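So the structure is just underneath, and the comments pick up after that.
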Amino acid sequence: MSRYLVTSALPYANGPIHFGHVAGAYLPADVYVRYLRMAKGEEQVLFVCGTDEHGVAITLKAEQAGMGYREYVDQWHEEIKALFDQFSISFDIFTGTARCPQHVETSQRFFEVLLERECIFDKTEEQWFSEESGRFLADRYLQGGCHECGYEKARGDECPSCGTWIDALQLKNPVSLIDGSSPILKETKHWYLDLPKLQAEGLDSWYKGEDEANPVKGWKPNVDGYVQAMLKDLHERPITRDLPWGVPVPQHLEGAEGKVLYVWFDAPIGYVSATMEWAAAQGKEDAWKDWWQDSDTRLVHFIGKDNIAFHMVVFPSMLLGQGEEWNNKPFVLPWSVPANEFYNLEGRKFNTSAGWYLDNESFFSTYNPDAARFHVLMSMPETADAEFTWEEFQATNNSLLADKVGNLISRVLKFVDKRFDSRVPDGVESILEHEFLADADAAFAQVGEHLENQSFRKAGQALIAAASALNQFFDNMAPWKSVNSEAPAEQAACRATLERCLAYLELLSRRLAPFCPESAASLRVMLGEVAAGATTATDVWGTNEVPSLCTAGAKIGEAKVMFPKIDNDQIAVEIERLNASAATQA
RNA sequence: GGGGGAAUAGCUCAGUUGGUUAGAGCAGCGGAAUCAUAAUCCGCGGGUCGGGGGUUCGAGUCCCUUUUCCCCUACCA
């Protein structure tokens with residue numbers, strides 16, 4: 001039995017996150033994890049994440065805000081965590097690279113091991129240095145004359161005028177965009193990750209699925225195409241920076257003073273250190289090894305498409321490069337990297353500073369978080385960019401959740417309440433074979449199959465199809481007619497129909513849980529004694545499960561509206577608010 | 001400039017290794033029913049698959065080219 005170590009991309013603690021991030025890397029991961037916990041067992045799954053809190057961008061923004069670096073990232077850490085809480089993202093641990101107690105030591109050890117194993121080398125080169133602010137300048141913070149077309153406001157990486165590639169060292173009369181000073185060239189030593197070497201030593205065979213110790217699930221087209229192209233021409237990458245904020249390069253090394261590990265080097269190590277922090281919190285310091293160094297672990301990275309290179313090439317290389325220097329065991333390599341595309345808002349990118357965003361607080365105080373989860377999942381950018389639109393959100397909420405699912409629950413429970421005194425009808429000979437129940441069985445089975453396969457939209461569609469089949473069953477049996485019949489056979493059919501409906505609602509409550517956890521829980525409350533048995537333990541998914549007969553006389557609870565409808569006026573207000581907010585910022 | 005992904009009914013999307021009249025949901029239209037959050041169920045219409053070319057007995061599905069959108073391009077995670 002495999003265990004699953006699931007990660008979501010570490011959000012950068014440099015600004016707000018929005019539904020777009022949630023749709024790409026967090027919500028699908030959470031639905032997957034909730035499914036795995038139910039289908040494989042809680043102890044077989046670990047879900048880790050945290051904020052990425054280093055890097056030059058953070059130092060600049062913090063300085064602008066007149067805040068200390070730690071203070072600055074703390075603020076964003078809290079804000080980011082708040083949105084995840086609204087979406088009920090169920091991380092086992094959510095830490096951060098600047099707050100995780102194990103992070104510095106772990107990152108440095110990664111570095112040292114790579115150095116010892118000669119997967120890292122150093123090089124000394126000249127770079128632009130601002131004497132005024134006492135720091136080396138990243139290419140993008142330089143402006144100067146383009147060596148090709150002479151355009152004077154070219155940036156250090158690309159000329160906006162002629163589009164040519166610029167080597168920052170060739171800029172004419174460069175000026176620092178940070179402090180306006182004229183930088184000087186100064187020598188600095190940096191360390192580089194030798195990716196070509198690691199490619200030959202195992203990255204290639206892992207990627208191709210030829211590494212028996214590290215099987216892979218298979219890559220999505222966006223991942224496969226990108227990585228294949230990248231592996232044809234792999235170069236070494238610098239992994240250190242001159243910065244006052246980050247994980248220090250081990251200080252015993254010559255020239256390490258004032259240098260930190262480059263943010264993308266230390267960030268993915270955050271997955272490992274977060275696991276260590278989790279283990280320590282469990283009182284089992286070594287438990288992290290069971291996840292990172294156990295060949296039965298399936299390592300799954302949920303990311304956005306902008307992160308493919310790091311999770312498919314750089315981080316696996318770093319793991320590979322550790323050899324067996326940790327406890328005489330290698331690290332596991334990713335089994336699956338579900339990279340999603342981007343999620344936009346009403347046709348444009350989410351952009352908080354331009355007023356093009358959803359106000360999280362207002363959103364969650366007005367709408368059902370489970371409806372948001374379900375809609376975002378059903379429209380998530382699995383294969384291509386996708387978008388959130390208010391009208392589609394309304395349609396999902398009303399047509400699917402309220403009308404198909406909510407109403408099904410409502411009509412069944414109210415019928416049982418009125419006609420059978422809120423109890424499972426007795427003397428029932430269960431209906432085991434029925435066309436529409438067979439459809440429901442198949443649809444419920446597909447929910448599991450699709451979740452297993454990380455096909456989230458299809459899983460959601462299957463869930464709706466199951467509810468639809470149950471509606472068909474109810475209509476086909478027409479218990480509202482048979483209930484008034486004098487014929488014993490009719491009356492028996494009516495009782496059997498409701499018994500099956502209750503049994504299937506119990507199944508629905510379990511299949512709905514990964515998508516809409518709160519609603520699933522409230523459905524179980526409504527089902528009362530019908531859902532009394534604890535079923536959160538390992539539950540067999542992906543098979544045609546025929547629910548067993550409900551106990552006759554079992555009492556059900558009170559039916560409540562699970563998914564309130566959203567009316568047109570409300571949606572119009574939201575769209576107007578969005579446009580007004582964008583207009584104000586423009 | 002280079003690399004990658006995407007483009008299929010009004011909308012959102014499926015379409016396995018190329019193979020009979022290209023599917024679903026939503027919206028729309030018609031009907032049935034009335035237990036239920038005026039919720040459900042049945043039926044119907046509607047695409048030639050971004051444009052062009054090619055391979056093939058046969059292509060949405062492979063190749064070339066072109067247009068549009070998005071991502072990466074290595075110090076904007």
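So you know, we letter chains A, B, ... as the sequences are listed, proteins then strands, and number each from 1. Quick caveat, the model's predicted, so the values are computed rather than measured.
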Handout entry: Whichever of A/N471 and A/Q461 has its nearest RNA chain B nucleotide further upstream toward 5'
Key = A/Q461
Exercise for the section: Between B/rC71 and B/rA9, how far apart are the P atoms? Round to whole Å, please. Expected result: 24 Å
Problem - Base of B/rA39 paired with side chain of A/D403 (donor-acceptor, under 3.5 Å) - result: no
Exercise for the section: Check every strand shown and say whether A/D475 touches a base, only sugar-phosphate, or nothing at a heavy-atom separation below 4.0 Å. Expected result: base
Practice task
Kindly confirm whether the side-chain ring of A/F415 is stacked on the base of B/rC35, judged by centres under 5.5 Å and planes under 30°.
Solution key: no
Handout entry: B/rU55 versus B/rG43 - spacing of their C1' atoms, nearest Å
Key = 43 Å
Handout entry: Nearest-angstrom distance, C1' atom, B/rC13 to B/rA7
Key = 13 Å
Practice task
Whole angstrom is fine here: how far is it from CD1 in A/I269 over to P in B/rA77?
Solution key: 17 Å
Exercise for the section: Have a look at A/V561 and say if it touches a base, only the backbone sugar-phosphate, or nothing, with a 4.0 Å heavy-atom cut-off. Expected result: base
Problem - d(CZ, A/F473; P, B/rC41) in whole Å - result: 14 Å
Exercise for the section: Please report, rounded to the nearest Å, how far the C1' atom of B/rU40 is from the CD1 atom of A/I409. Expected result: 14 Å
Exercise for the section: Give one of base, sugar-phosphate or nothing for A/A386, where a contact means two heavy atoms less than 4.0 Å apart. Expected result: sugar-phosphate
Handout entry: A/K404 vs B/rG25: side-chain N/O to OP1/OP2 distance below 4.0 Å
Key = no
Practice task
Examine A/K305 relative to A/F342 and say whether NZ or CZ is less than 6.0 Å from the centre of the six-membered ring and inside a 45° cone about the ring axis.
Solution key: yes
Fill in the blank from the handout: The nucleotide from B/rA6, B/rU12, B/rA74 with an atom nearest the side chain of A/E387 is B/rU12
Problem - More than 12 heavy atoms from other groups under 6.0 Å of NZ on A/K123 - result: yes
Problem - Whole-Å P distance, B/rC26 and B/rA22 - result: 22 Å
Fill in the blank from the handout: Judged by nearest nucleotide, the residue sitting upstream toward the 5' end of RNA chain B, A/M562 or A/K458, is A/K458
Problem - Phosphate OP1/OP2 of B/rA7: any A/T383 side-chain N/O under 4.0 Å - result: no
Completion exercise
In whole angstroms, the gap separating P of B/rC13 from CD of A/E382 amounts to 11 Å
Exercise for the section: Ignoring backbone atoms, establish whether A/R411 has a side-chain N or O less than 4.0 Å from OP1 or OP2 of B/rA39. Expected result: no
Handout entry: A/E53/A/R99 salt bridge by N-O under 4.0 Å criterion
Key = yes
Exercise for the section: Could you work out the separation of B/rA24 and B/rU34 based on their P atoms and round it to a whole Å? Expected result: 29 Å
Problem - Side-chain N or O of A/K565 closer than 4.0 Å to phosphate OP1/OP2 of B/rA39 - result: yes
Practice task
Check the distance between B/rC26's C1' and A/H375's NE2 and give it to me in whole angstrom.
Solution key: 12 Å
Practice task
Could you check how far CZ of A/F310 sits from C1' of B/rC71, rounded to whole Å?
Solution key: 13 Å
Handout entry: Nearest-Å distance once atom C1' is located in both B/rU56 and B/rG18
Key = 9 Å
Handout entry: Point-to-point distance, once rounded to the nearest 0.5 Å, from CG of A/L401 to CG of A/L512
Key = 8.0 Å
Problem - Atom C1', compared across B/rC11 and B/rC57: separation rounded to whole Å - result: 38 Å
Exercise for the section: Kindly check if the number of other-residue, nucleotide or ligand heavy atoms within 6.0 Å of CD (A/E125) is above 12? Expected result: yes
Exercise for the section: Report which part of the nucleic acid A/T396 touches: base, sugar-phosphate, or nothing (heavy-atom distance under 4.0 Å, all strands). Expected result: nothing
Problem - Interatomic distance where CD1 belongs to A/I571 and C1' belongs to B/rC11 [whole Å] - result: 15 Å
Problem - Atom P, compared across B/rC63 and B/rU16: separation rounded to whole Å - result: 14 Å
Handout entry: A/T389 vs B/rC11: side-chain N/O to OP1/OP2 distance below 4.0 Å
Key = no
Practice task
Determine the interplanar angle of the A/F84 and A/Y26 rings, folded into 0 to 90°, and report it as parallel if under 30°, tilted if 30 to 60°, perpendicular if over 60°.
Solution key: tilted
Handout entry: Row check, A/W264 ring normal vs A/R237 NZ/CZ: under 6.0 Å, within 45°
Key = yes
Handout entry: Between P of B/rU34 and CZ of A/F474, the distance in whole Å
Key = 13 Å
